[in-house]
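Right, one structure below, let's go through it.
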Amino acid sequence: MTVAHDVYSETNPAFCAFVLAAFVDAYAVTKGRGPDLATAYVALPIALSGDLGSSFEGTNKKTGLAMWLQRRPEVQIGLADRVNKTLEIVTEAVRFSAFIEVVTVEADGRLRIGPEKLKASAAKALTDQPAQALKRAERLGYWFADAGSTRAVFDTMGLTV
């Protein structure tokens with residue numbers, strides 16, 4: 001029997017809100033404040049991407065963005081296209097997150113964890129691929145926060161601001 005991978009279920013706003021919240025929370029834990037909205041447009045496409053999943057093997061929250069990219073430079077190949085093709089998905093995730101108050105957008109354009117919390121039991125019920133997307137988002141949150149600034153993240157990723 002062939003198991004079909006449901007791409008739609010992993011790009012729906014509710015799941016993407018979960019991924020976004022994992023990214024924002026990890027960033028805020030490290031930096032003491034939330035990330036700039038622009039970083040979500042880089043983090044989510046990478047975290048949600050199954051084809052980049054293996055690039056996270058052998059990493060942890062201390063690996064860092066620069067070291068990860070040094071080990072796996074192929075991540076940067078086509079990254080700008082990947083980001084551009086997922087603009088709508090990320091925008092819907094941000095909107096949905098704000099609507100359900102899981103993540104809020106502050107006046108200065110930073111994201112922060114909102115007053116509503118997602119249920120931990122929902123994360124435990126995920127199958128392997130969606131659960132790995134959450135872990136990747138969290139890891140990117142730590143790495144982006146440690147990178148120093150949004151400009152540093154974009155420069156390190158080979159993207160121009």
Side-chain angles (χ1 to χ4, degrees), residues 3-32 34-94 97 102-103 111 113 118-161:
V3 177
H5 182 71
D6 188 357
V7 173
Y8 179 74
S9 68
E10 289 183 21
T11 58
N12 78 62
F15 176 70
C16 291
F18 220 122
V19 175
L20 179 63
F23 169 71
V24 172
D25 190 46
Y27 189 102
V29 164
T30 302
K31 197 82 161 179
D36 284 328
L37 173 60
T39 59
Y41 285 89
V42 178
L44 261 64
I46 294 171
L48 292 169
S49 176
D51 66 323
L52 295 178
S54 64
S55 71
F56 286 83
E57 291 174 9
T59 66
N60 60 44
K61 69 181 189 178
K62 298 287 186 190
T63 300
L65 184 61
M67 179 59 70
W68 175 59
L69 291 171
Q70 181 181 344
R71 291 179 188 169
R72 304 305 292 259
E74 68 273 12
V75 169
Q76 294 174 290
I77 297 172
L79 183 58
D81 276 345
R82 185 184 301 265
V83 169
N84 285 327
K85 288 178 181 175
T86 58
L87 291 174
E88 188 176 319
I89 292 168
V90 177
T91 299
E92 288 302 314
V94 171
S97 298
V102 169
V103 172
L111 301 173
I113 294 297
L118 294 168
K119 296 184 190 254
S121 61
K124 291 177 183 173
L126 293 172
T127 59
D128 187 54
Q129 284 184 330
Q132 290 302 315
L134 285 177
K135 288 181 184 178
R136 292 189 296 264
E138 184 178 73
R139 200 154 296 161
L140 288 167
Y142 291 123
W143 295 349
F144 283 19
D146 284 339
S149 69
T150 299
R151 180 170 297 283
V153 168
F154 277 73
D155 287 347
T156 302
M157 300 294 295
L159 301 168
T160 57
V161 180

Open item on the list: Using the rule given for side-chain contact (heavy atoms from CB on, under 4.5 Å), can you reason through C16 versus V90, listing the C-alpha separation, both sets of side-chain angles and the distance that settles it, and then say yes or no?
Closed with: CA-CA 7 Å; C16 291; V90 177; over 6 Å; no
- [ ] Could you go through the ring-ring contact (aromatic ring centres under 6.0 Å, His included) check for W143 and Y27 one step at a time?
- [x] CA-CA 8 Å; W143 295 349; Y27 189 102; over 10 Å; no
Open item on the list: Walk me through whether L79 and L159 qualify under side-chain contact (heavy atoms from CB on, under 4.5 Å).
Closed with: CA-CA 8 Å; L79 183 58; L159 301 168; 4.0 Å; yes
Open item on the list: The test is side-chain contact (heavy atoms from CB on, under 4.5 Å); show your working for E138 and D25 and say whether it passes.
Closed with: CA-CA 8 Å; E138 184 178 73; D25 190 46; 5.7 Å; no
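Minimum interatomic distance between Y142 and T30 (heavy atoms only, all atoms of both residues): CD2-OG1, 3.0 Å. Listed here is the closest heavy atom pair of A40 and P45: O-CD, 3.9 Å. Scanning all heavy atoms of the two residues, the minimum distance from A147 to L65 falls at CB-CD2, 4.3 Å. Residues V103 and A21 share a closest heavy-atom pair of CG2-CA, 3.9 Å. Across all their heavy atoms, A133 and V19 have their closest contact at O-CG1, 4.3 Å. Between I46 and F56, the closest heavy-atom pair is CG2-CZ, 3.8 Å.
Looking at L48, I77, D51, V42 one by one, the single match for side chain to side chain contact (heavy atoms under 4.5 Å, CB included) with R82 turns out to be D51.
Checking side-chain atoms of R72 against main-chain N and O of S54 turns up a donor-acceptor pair under 3.5 Å. Remark: the backbone N or O of T39 is not paired with any side-chain donor or acceptor of D36 at under 3.5 angstrom. Checked by atom type and distance alone, the side chain of R136 never pairs as donor or acceptor with a backbone atom of G53 at under 3.5 Å. A donor-acceptor contact shorter than 3.5 Å is absent between the side chain of E92 and the backbone of P13. Between the side chain of S149 and the main chain of A152, a donor-acceptor pair closer than 3.5 Å is present.
Atom NZ of K135 has 12 or fewer heavy atoms from other residues, nucleotides or ligands within 6.0 Å.
Under 3.5 Å, the side chains of Y41 and T91 contain a donor-acceptor pair of N or O atoms.
You'll find the side chain of L111 reaches within 4.5 Å of the side chain of L20, heavy atoms only. With contacts defined as side-chain heavy-atom distances shorter than 4.5 Å, the pair S55/R71 does not qualify. Under the 4.5 Å side-chain criterion, counting only non-hydrogen atoms from C-beta, Q76 is in contact with L69. Between T150 and P35 there is no side-chain heavy-atom pair separated by less than 4.5 Å. Contact of the I113 side chain with the V102 side chain is not registered, since no non-hydrogen atoms from C-beta on lie closer than 4.5 Å.
In this pair, F23 and F144 present their aromatic rings perpendicular. The plane angle is above 60°, beyond the 30 to 60° band.
Atom NZ in K62 sits 12.5 Å away from atom CZ in R139 (nearest 0.5 Å).
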